[in-house]
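In each ligand, atom 1 is the first atom listed, and ligand 1 is the first ligand listed.
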Amino acid sequence: MSMVEFAYLNGKIVHWDDAKVHIFAPVAKYGLGVFEGIRGYWNDEAQQLYLFRVAEHLQRYAFSQKAMRFDQGPSSEELTKALVRLCRANGFRTNVHIRMMAFIQSGELEATGPIGTAVTALPRETDRQIAEGASVQISSWMRMPDNVMPARIKCNANYHNSRLAVMQAQRDGYDQSFLLNSRGKLAEASAMCVFILRNGQLITPSGTNDILESITRQTVIELAREYLGLETVERDVDRSELILAQEVFYCGTAAEITPVISIDRMVVGNGQPGPVTQHLIDTYGAIVTGKNDAHGSWRTPVF
Ligand code: PMP
């Protein structure tokens, strides 16, 4: 049983408990799936649920499938309809987090299809660390390099690397984990990208640092330029720069924009969410909910 009634599986809305695959399916055996996490934001005034940046998520979803040599799955139009249909079927009038997965349904390790499509959506509010700030540990796990597994895409198996790092951090009493890459430079958090503010400059690891090609990261770069007049510098980031930064935050679809207030128990800035981070949190919040009606093409209405 779940808190929602319906899921979507292979073209059909099904009862949550019926969204099943066989234990011998390659997705269960080898993690042969790729996925997207998409958020929906309820706007009470407009009585509307807005799904954020669906087109960009579906573009990355297609890219992930290509990189993993999956057969062609359903079209983006069909998948957009599936998202909307599922949210309508569940009658959501709250913020939600959606997971859409393309997975290999039968065969062995080298199978490239048949491709299944599963979509689930659950109510999800914002994490407490957005208001309070997060404590971060620099992981002793390394972000896997691109010639081991491509971090720039969202394939299920990549998340074993993330899981080991975040579990280590949480067992050691931290909220979150930052992973360095094989060159010792900052890559990303377990499921978020990282930004720092140093001497008034917004900096984030460049796309060749074994990071996911994150949609929130791209959104932050655009909003920082537009609303704060800040150009983001995309470059290598050293571990010690994290300690010296005035502000640090991580961002992602689920984590939104979360201030970091300590790293390896060393205080970041004055130990409070900084003004640039707070400005970005407020701007992002207004855009995703449609309270600020700019960037209308980023929001797909459900109702
Ligand atoms: N890195 C990883 C490993 C992630 O799983 C995520 C979450 N999708 C992110 C970064 C942030 O990506 P996005 O902004 O597209 O959600």
Side-chain angles (χ1 to χ4, degrees), residues 31 33-41 51-65 67-68 83 95-102 119-121 124 126-127 129-130 134 136 139 141-146 148-169 176-181 185-196 204-224 232 234 237 248-258 260 280-281 283-285 287-288 295 298-300:
V34 306
F35 71 101
E36 282 299 317
I38 302 172
R39 260 195 193 266
Y41 291 89
L51 308 184
F52 193 59
R53 301 201 79 166
V54 169
E56 291 80 359
H57 279 286
L58 292 180
Q59 201 176 5
R60 185 173 64 191
Y61 187 67
F63 177 40
S64 294
Q65 290 174 73
M68 297 315 288
L83 295 175
N95 293 347
V96 294
H97 187 257
I98 300 169
R99 270 182 75 108
M100 169 175 267
M101 179 170 63
V119 191
T120 52
R124 180 159 175 180
T126 51
D127 295 345
Q129 287 95 351
I130 296 177
V136 167
S139 189
W141 291 100
M142 185 180 84
R143 191 68 180 142
M144 74 248 163
D146 189 61
V148 172
M149 286 292 283
R152 72 181 65 255
I153 62 160
K154 273 184 91 69
C155 78
N156 293 15
N158 282 356
Y159 286 81
H160 287 275
N161 186 219
S162 299
R163 177 174 179 269
L164 288 171
V166 75
M167 284 185 76
Q168 178 192 24
Q176 192 42 252
S177 166
F178 284 175
L179 291 100
L180 306 180
N181 61 25
K185 305 297 178 187
L186 175 66
E188 57 186 343
S190 65
M192 308 94 182
C193 285
V194 184
F195 284 73
I196 68 172
T204 193
S206 69
T208 49
N209 273 289
D210 304 307
I211 64 167
L212 182 72
E213 296 197 345
S214 153
I215 290 152
T216 319
R217 172 182 179 277
Q218 195 51 42
T219 304
V220 166
I221 290 173
E222 291 179 57
L223 296 181
T232 302
E234 299 179 57
V237 174
V248 177
F249 62 87
Y250 56 74
C251 69
T253 297
E256 303 178 298
I257 297 172
T258 303
V260 174
L280 285 166
I281 291 172
T283 307
Y284 185 79
I287 293 277
V288 295
H295 295 290
W298 288 356
R299 294 180 296 273
T300 302

Asker: Answer yes when Glu234 and Arg217 have at least one side-chain N-carboxylate O distance shorter than 4.0 Å, and no when they do not.
Answerer: yes
Asker: Side chain, backbone, both or neither: which applies to Ala151 and ligand 1 if a contact is any heavy-atom pair less than 4.0 Å apart?
Answerer: neither
Asker: Counting only heavy atoms closer than 4.0 Å, does ligand 1 sit against the backbone of Arg143, its side chain, both, or neither?
Answerer: side chain
Asker: Using a 6.0 Å cut-off, check whether atom CH2 of Trp141 has over 12 heavy atoms from anything other than its own residue.
Answerer: no
Asker: In terms of relative ring orientation, are Phe195 and Phe249 parallel, tilted or perpendicular, with 30° and 60° separating the classes?
Answerer: parallel
Asker: Identify, for atom 9 (C) of ligand 1, the protein heavy atom at the shortest distance, and state residue, atom and that distance.
Answerer: Ala191 O, 3.2 Å
Asker: So which protein heavy atom does atom 14 (O) of ligand 1 come closest to, and at what separation?
Answerer: Thr216 OG1, 2.5 Å
Asker: Do the side chains of Glu56 and Trp298 get nearer than 4.5 Å, heavy atoms only?
Answerer: yes
Asker: Regarding Arg60 and Glu213, does a basic nitrogen lie under 4.0 Å from an acidic carboxylate oxygen?
Answerer: no
Asker: Arg217 to ligand 1: N or O pair under 3.5 Å?
Answerer: no
Asker: Under a 4.0 angstrom heavy-atom cut-off, which atoms of ligand 1 come close to Ser190?
Answerer: 3 (C)
Asker: Identify the protein heavy atom lying closest to atom 8 (N) of ligand 1, giving its residue, its atom name and the separation to 0.1 Å.
Answerer: Lys154 NZ, 2.7 Å
Asker: In the protein, what heavy atom is nearest to atom 1 (N) of ligand 1, and what distance, to one decimal place, separates them?
Answerer: Glu188 OE1, 2.6 Å
Asker: Of all heavy-atom pairs between Asn158 and Arg143, which one has the smallest distance, and what is that distance?
Answerer: O-NH1, 4.2 Å
Asker: Examine Cys193 against ligand 1 and note whether any of their N/O atoms are separated by less than 3.5 Å.
Answerer: no
Asker: Considering only the protein, which heavy-atom contact is closest to atom 5 (O) of ligand 1, and what is its distance?
Answerer: Tyr159 OH, 2.4 Å
Asker: Name the closest protein heavy atom to atom 16 (O) of ligand 1, giving the residue it belongs to and the distance to 0.1 Å.
Answerer: Thr253 OG1, 2.6 Å
Asker: What protein heavy atom sits nearest atom 15 (O) of ligand 1, and how far off is it?
Answerer: Arg60 NH1, 2.7 Å
